[in-house]
Structures are given as structure tokens and as C-alpha cells.
Amino acid sequence: MSDYLHIDPAGVGEAEIYRLLIGGVVPRPIGWASTVSAAGVANLAPFSFFTVVCVVPPMISLTIAPRGDGGDKDTLKNIRSTGEFCFNVVTRPVWERMVDTGNGFPEDDSEFAETGLTPIPSVKVKPPRVGESPIHFECRLHQAIELGVSRHTLTIGEVVMMHVDPACMTGKYIDMRKLEPVGRLNGFFYTALGEIMERKYEDKR
């Protein structure tokens, strides 16, 4: 292997740090979050800084960067004002429309209407679910933590209701081949599943 490049984040600009982070932490799951504004407009947007953070109680997180002008994105404003959001899993059949929901529509326009996606009612929260997505987690805001000089907000939600289409399950487990999840790479690139590998842990203690 050739010599490594050694990069000290303290000595490079934010854009280069960002390029290295999103190119090195891959593939990333996509947090496709639906929210509702105080005026009742349904919003839908994708975030690739997304993961599970706790099991009991179940919690997931979105990290939401500010807009280019430094203001809060609609998703964050809506979560702060209502305390609720819904995660919708991104699968191969809907990945292109997922990308389109990130196109930066005016605040009073709903991405559901703009992209032809179907809003269906949630059970415990007001934000609708994406009817074309096979898995939804309804969430209530647990904590929002502003990080760094660039004001990235780590938004942690407690999952209060889960919905899973049985068509993507085999027995008790969600079957990745049936689900066909899509992940985020760097640039404008995304990935679907390729080869699925399995290797079990062994207790060596």
C-alpha cells in the first residue's frame, strides 16, 4: 500500500474536512424525515448523518446542518416547534424521489405534493408517513444538541411507534434482500445492496 496522506483537521478548511468525512464514512443510512410545520404543511427531507443511538427506550438521531445562509432547515424548525418527526426507510423503488425531496422547495410547499409521494397518517405523532416506504418509525424529540462552530444539530428522537410491511420480512427478521435499502455515498452518489456477507462472532473469553 502507498504512503498515507496525513491530514490534521486543525490545518485544513471545512470543505476539505467535509469531503473526507463523507467519503470515509460510507455507506451511510439515510434518515428520510417527515415533519409538519406550525402552519400544518407536511415537510419531507433526507439526511445522511443518521443512526440508531439507543435500544431501551428506542432512539434514533438525525444530524441537521444549517442552510447555506446559516438559518435552520425546515425539518429542524418543525421538530423544534412540534417536538415530532417520522423516519421513513429509503428503498430502491423510491430512491430517486427521495433525492428530489432534498431539492429545497419553498417552506410553504410540501415535498409530498411536489414529488408525488403519498402521505399516510401516523398513529402517535402528527407528521405523516411515506406510503411508498415499507418501514416507518414515529418519533418524539428527546434532545437537540448544537455542535461545533458550523452549528450542526444532533437531533435525538425517541421512537414511540414502529410500522413494518410484512412483505419485507422473513420470520421475525427484516430481510435485506426483500427490503432493498439504499445508502448514501459521497458526492451525488448512492448505493444499493451488492453481495451480502455473513460471519458470526465467537466468544473467545
Side-chain angles (χ1 to χ4, degrees), residues 26-37 40-55 57-64 73-79 82-105 109-142 155-185 188-194 196:
V26 288
R28 298 185 303 283
I30 300 166
W32 202 14
S34 47
T35 59
V36 172
S37 71
V41 178
N43 174 270
L44 182 62
F47 300 90
S48 71
F49 290 7
F50 165 75
T51 194
V52 174
V53 293
C54 189
V55 175
M59 293 185 185
I60 59 176
S61 72
L62 305 167
T63 298
I64 305 174
K73 290 181 177 175
D74 294 342
T75 298
L76 183 57
K77 286 193 290 186
N78 294 347
I79 292 173
T82 67
E84 298 178 337
F85 66 95
C86 184
F87 158 71
N88 307 274
V89 76
V90 177
T91 59
R92 191 158 192 157
V94 296
W95 80 272
E96 290 171 308
R97 283 192 281 176
M98 173 276 298
V99 175
D100 293 344
T101 62
N103 282 342
F105 296 101
D109 293 349
S110 172
E111 286 80 5
F112 282 94
E114 295 292 340
T115 59
L117 291 162
T118 308
I120 60 175
S122 294
V123 174
K124 293 189 175 183
V125 301
K126 289 183 179 179
R129 298 176 282 146
V130 176
E132 291 77 7
S133 173
I135 297 175
H136 320 102
F137 295 164
E138 299 180 25
C139 298
R140 292 201 178 104
L141 178 63
H142 174 74
T155 308
I156 302 171
E158 180 177 344
V159 179
V160 295
M161 182 62 69
M162 300 175 170
H163 308 267
V164 182
D165 184 342
C168 69
M169 299 188 72
T170 297
K172 298 185 295 183
Y173 295 92
I174 296 171
D175 188 319
M176 294 300 109
R177 291 181 177 86
K178 294 178 179 179
L179 181 63
E180 295 187 289
V182 169
R184 188 76 160 92
L185 302 176
F188 296 106
F189 297 102
Y190 298 81
T191 185
L193 288 181
I196 297 177

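To the nearest 0.5 Å, the span separating CD on E132 from CE on M98 amounts to 14.0 Å. In this structure, the separation between CD1 on I60 and CD on E158 is 11.0 Å, given to the nearest 0.5 Å. Note that OG of S34 is 8.0 Å distant from NE2 of H136, once rounded to the nearest 0.5 Å. Atom CD1 of I156 sits about 8.5 Å away from atom OG1 of T63, to the nearest 0.5 Å. We find the CZ-CG distance between R129 and L117 to be 14.0 Å, quoted to the nearest 0.5 Å. Note that CD1 of I30 and OH of Y190 are 6.0 Å apart. Values are rounded to the nearest 0.5 Å.
Taking the side chain as every heavy atom from C-beta outward, C86 and V130 never approach each other to under 4.5 Å. Between T191 and F189, every side-chain heavy-atom pair lies at or beyond the 4.5 Å cut-off. By the 4.5 Å heavy-atom criterion applied to side chains, F47 and I64 are counted as neighbours. Here the side chains of V99 and P46 are not in contact, with every heavy-atom distance at 4.5 Å or above. Between L179 and P134, the closest side-chain pair of non-hydrogen atoms falls below 4.5 Å. Contact check for S37 versus K77: no side-chain heavy atoms found under the 4.5 Å cut-off. Counting heavy atoms from C-beta outward, E180 and L193 have side chains that stay 4.5 Å or more apart.
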(request) Check the pair R184 / V90 against side-chain contact (heavy atoms from CB on, under 4.5 Å), numbers first and verdict last. (result) CA-CA 10 Å; R184 188 76 160 92; V90 177; over 6 Å; no
(request) Decide yes or no on side-chain contact (heavy atoms from CB on, under 4.5 Å) for H163 and E138, but give the supporting numbers first. (result) CA-CA 8 Å; H163 308 267; E138 299 180 25; 2.6 Å; yes
(message) With side-chain contact (heavy atoms from CB on, under 4.5 Å) as the criterion, how do L44 and N88 come out once you've worked through the C-alpha distance, each side chain's angles and the decisive distance to 0.1 Å?
(response) CA-CA 10 Å; L44 182 62; N88 307 274; 4.1 Å; yes
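Nearest approach of A42 to S110, heavy atoms of both residues: O-OG, 2.8 Å. Of all the heavy atoms in T75 and A45, the pair that sits closest is OG1-CB, 3.6 Å. Residues K124 and E84 approach most closely at O-OE2, 4.0 Å, considering heavy atoms.
Between the side chain of N103 and the backbone N or O of F105 there is no donor-acceptor pair closer than 3.5 Å. A donor-acceptor distance shorter than 3.5 angstrom exists from the side chain of R28 to the backbone of L185, with no hydrogens or angles considered.
Side-chain atoms of W32 and S133 include no donor-acceptor pair closer than 3.5 Å. Side-chain polar atoms of T35 and N78 form a donor-acceptor pair below 3.5 angstrom.
The neighbour count for K126 NZ, taken as heavy atoms of other residues, nucleotides or ligands under 6.0 Å away, does not exceed 12.
In this structure, D100 does not pair ionically with R97, as no charged nitrogen and carboxylate oxygen lie closer than 4.0 Å.
By the 30° and 60° cut-offs, the orientation of the rings of F50 relative to F87 is parallel.
Residue K178 forms a side-chain hydrogen bond (donor to acceptor under 3.5 Å, both in side chains) with just one option from D165, T170, T91, and that option is T170.
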